[in-house]
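As structure tokens, the structure follows; a few thoughts come after it.
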Amino acid sequence: MSVSHSSRLNKGVREQYMKLPQGGMVQVTYVWIDGTGEGVRCKTKTLDYEPKSVEEIPEWNFDGSSTFQAEGSNSDMYLVPVHMFRDPFCLDPNKLVMCEVLKYNRKAAETNLRHTCSKVMDLVRDHRPWFGMEQEYTLLGINGHPYGWPDNGFPGPQGPYYCGVGADKVYGRDIVECHYKACLYAGIKICGTNAEVMPSQWEFQVGPCEGIDMGDHLWMARYILHRVCEDFGVVATLDPKPMTGNWNGAGCHTNYSTDNMRNEAGLKYIEDAIEKLGKRHDYHICVYDPRGGKDNLRRLTGKHETSSIHEFSAGVANRGASIRIPRQVGQEGKGYFEDRRPAANCDPYAVTEAMIRTTILNETGNETKDYGN
């Protein structure tokens, strides 16, 4: 197996130091999205008190020229804490904090998509938008080859791996279970997990989350996933199509509802929202992966439980459609629907903002409206 050198270090020695008292001090790890729009970075600061809310955590800064976010001649960027979690690695009273990134002039960095998402969510607070996102990912060895796959070949064809049980069907369950427990400890609204169709591919679900919380919780869950994988010496990739050929890709299916959709006669509001989404398919494809649809072009082929990137479709219990209405929702006449188009490496702030702009704020076309400060 191709695992990192760091994972082979004696973890028992580490535990000796992790048990040492902190003398009333608290470690706060600041987490942010870097200039790729996909990677997460972190750095840790000592406070002489335990923060009880995110407002009690001070702003900080970092060198943006080393994270693809600034030039070296003007590289200081601001870290603005926005959501605090418990730290499952250093344990209580230590904290993890999700941060927005601001440039030297206090304007949002280019990959700080939370900034506009938060404004949009504030506008529609009365609609109580709920989201649940299904994050698929693939475990890779440090050599970039899927973890557990033969070094010079392929495993058997897809079929026995989805929700599979047994050493010949699942790879890396220890990582999945550790990640699950770490998210629960942190206070992330993780609600489930399962092995996926391709061997070494897994999924976890986060939600329901209301408004801006969806992006905050999913990004921190991703950070925790990467940290857990560090300990095991493997890599979690969110590439939407990590293996070419007859293998499933990786998405981030997004379940969505408003107060009206969840109440009696809600199916009418669901159908109205789907009609609006159908008229704005190209706009959504552009924001559903970090490369304007180029990543999803490899995944949304109309095969392997996907719709075609070139066409919009919707149906009850249809996993080959752009939008799936769960069968139970169709029977009860209320509930939610699932947008199956977002790629695994999407920015959840961008996805949830786009859904609100189209279905509640009634925007059309490929341009977005600026709602000011």
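Heads up: numbering here begins at 1 and tracks the sequence.
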Glu367, CD atom: more than 12 neighbouring heavy atoms under 6.0 Å: no
Side-chain donor-acceptor contact under 3.5 Å, Thr138 with Ser200: no
Spacing of NZ belonging to Lys189 relative to CE belonging to Met133, to within rounding of 0.5 Å: 15.0 Å
Check against side chain to side chain contact (heavy atoms under 4.5 Å, CB included), Glu353 and Leu113: CA-CA 9 Å; Glu353 177 185 334; Leu113 304 186; 5.5 Å; no
Electrostatic pair Glu50-Lys95, nearest N-O below 4.0 angstrom: yes
Cationic tip of Arg227 above Phe89 ring, under 6.0 Å, 45° of axis: yes
Closest non-hydrogen atom pair, Leu96 against Pro88: CD1-CD, 3.7 Å
Min side-chain heavy-atom separation Cys90-Met18 under 4.5 Å: yes
Under 3.5 Å side-chain donor-acceptor pair for Gln69 and Thr67: yes
Lys/Arg N to Asp/Glu carboxylate O, Lys268 vs Asp272, below 4.0 Å: yes
Lys107, NZ atom: more than 12 neighbouring heavy atoms under 6.0 Å: no
Donor-acceptor pair, side chain of Ser307 and main chain of Gly320, under 3.5 angstrom: no
Val31 reachable from Ile212 in the ILVMFWY side-chain graph, under 4.5 Å edges: yes
Contact check, side chains of Asn246 and Pro157, non-hydrogen atoms, under 4.5 Å: no
Gap between atom NZ of Lys276 and atom OG1 of Thr364 - 0.5 Å precision: 11.0 Å
Reported CD1-to-SG distance for the pair Ile224 and Cys178, which is rounded to 0.5 angstrom: 12.5 Å
Side-chain ion pair, Asp122 and Arg125, N-O less than 4.0 Å: yes
Validation row: Glu71, Ser65 side chains within 4.5 angstrom (heavy atoms): no
Distance-only side-chain donor-acceptor flag, His145 / Ser2, under 3.5 Å: no
Carboxylate-amine/guanidinium contact Lys103 Glu110, below 4.0 Å: yes
Cluster check Val97, Tyr78: I/L/V/M/F/W/Y, side chain < 4.5 angstrom: no
Any donor-acceptor N/O pair, His281 side chain to Ile309 backbone, under 3.5 Å: yes
Any donor-acceptor N/O pair, Arg340 side chain to Ser322 backbone, under 3.5 Å: no
Donor-acceptor contact below 3.5 Å, side chain Asn74 vs main chain Ala70: no
Which atom of Lys241 lies closest to which atom of Gly245, heavy atoms considered: NZ-O, 3.7 Å
Side chain to side chain contact (heavy atoms under 4.5 Å, CB included) between Leu238 and Glu38, intermediate numbers included: CA-CA 9 Å; Leu238 305 186; Glu38 298 179 75; 5.8 Å; no
Asp231 side, atom CG; Ser7 side, atom OG - distance, nearest 0.5 Å: 9.0 Å
Hphob cluster co-occupancy, Tyr185 + Val206, side-chain heavy atoms under 4.5 angstrom: no
Whether over 12 other heavy atoms sit under 6.0 Å from Tyr269 OH: no
Over all atoms of both residues, closest heavy-atom pair of Tyr161 and Met198: CB-C, 4.5 Å
Side-chain donor or acceptor of Thr306 paired with backbone N/O of Lys303 under 3.5 Å: yes
Pair Thr36, Asp34: side-chain N/O donor-acceptor within cut-off below 3.5 Å: yes
Any donor-acceptor pair under 3.5 Å from Arg262 side chain to Ser257 backbone: yes
Residues Trp202 and Glu196: side-chain donor-acceptor under 3.5 angstrom: no
Tyr104/Asp76 under side chain to side chain contact (heavy atoms under 4.5 Å, CB included): CA gap, chis, key distance, verdict: CA-CA 6 Å; Tyr104 70 95; Asp76 280 359; 6.0 Å; no
SB check Lys181 Glu177 (cutoff 4.0 Å): no
Greater than 12 external heavy atoms within 6.0 Å of Glu311's CD: no
Check: Ser118 side chain, Arg114 main-chain N or O, donor-acceptor pair, under 3.5 Å: no
Candidate pair Leu361 and Lys369, rule side chain to side chain contact (heavy atoms under 4.5 Å, CB included), full reasoning: CA-CA 9 Å; Leu361 298 177; Lys369 184 177 178 181; over 6 Å; no
Neighbour count above 12 (heavy atom, 6.0 Å) for Gln328 CD: no
Nearest atoms (heavy-atom pairs only) where Arg298 meets Pro240: NH2-CD, 3.8 Å
Validation row: Thr44, Thr29 side chains within 4.5 angstrom (heavy atoms): yes
Euclidean distance, Ser75 OG relative to Asp63 CG, rounded to 0.5 Å: 4.0 Å
Whether Tyr256 and Phe337 hold their rings parallel, tilted or perpendicular, with breakpoints at 30° and 60°: perpendicular
Under 3.5 Å: donor-acceptor pair, side chain of Thr254, backbone of Cys252: yes
SB check Arg291 Asp289 (cutoff 4.0 Å): no
Distance in Å, Lys279 NZ paired with Leu277 CG, rounded so as to fall on 0.5 Å steps: 11.0 Å
Side-chain H-bond candidate by donor/acceptor type, Gln201 with Asn248, under 3.5 Å: no
Lys/Arg N to Asp/Glu carboxylate O, Arg299 vs Glu136, below 4.0 Å: no
Flag if over 12 foreign heavy atoms under 6.0 Å of NZ, Lys294: no
Where Pro208 and Trp130 come nearest, the two heavy atoms and their spacing: CB-CE3, 4.3 Å
Side-chain (Trp247) to main-chain (Pro242) donor-acceptor, under 3.5 angstrom: no
Atom OH of Tyr17: over 12 foreign heavy atoms under 6.0 Å: no
Modelled atom types, side-chain donor and acceptor of Gln22 and Asn94, under 3.5 Å: yes
Hydrophobic cluster membership, Trp219 vs Val228, 4.5 Å side-chain cutoff: yes
Centroid-centroid distance, Trp32 to Trp60, less than 6.0 Å: no
Aromatic ring proximity, centroids under 6.0 angstrom, His217 and Phe85: yes
Side-chain (Asn296) to main-chain (Arg341) donor-acceptor, under 3.5 angstrom: yes
Verify same cluster id: Val28, Met77 (apolar side-chain graph, 4.5 Å): yes
Heavy-atom closest contact (Asp239 atom, Thr237 atom, distance): N-OG1, 3.1 Å
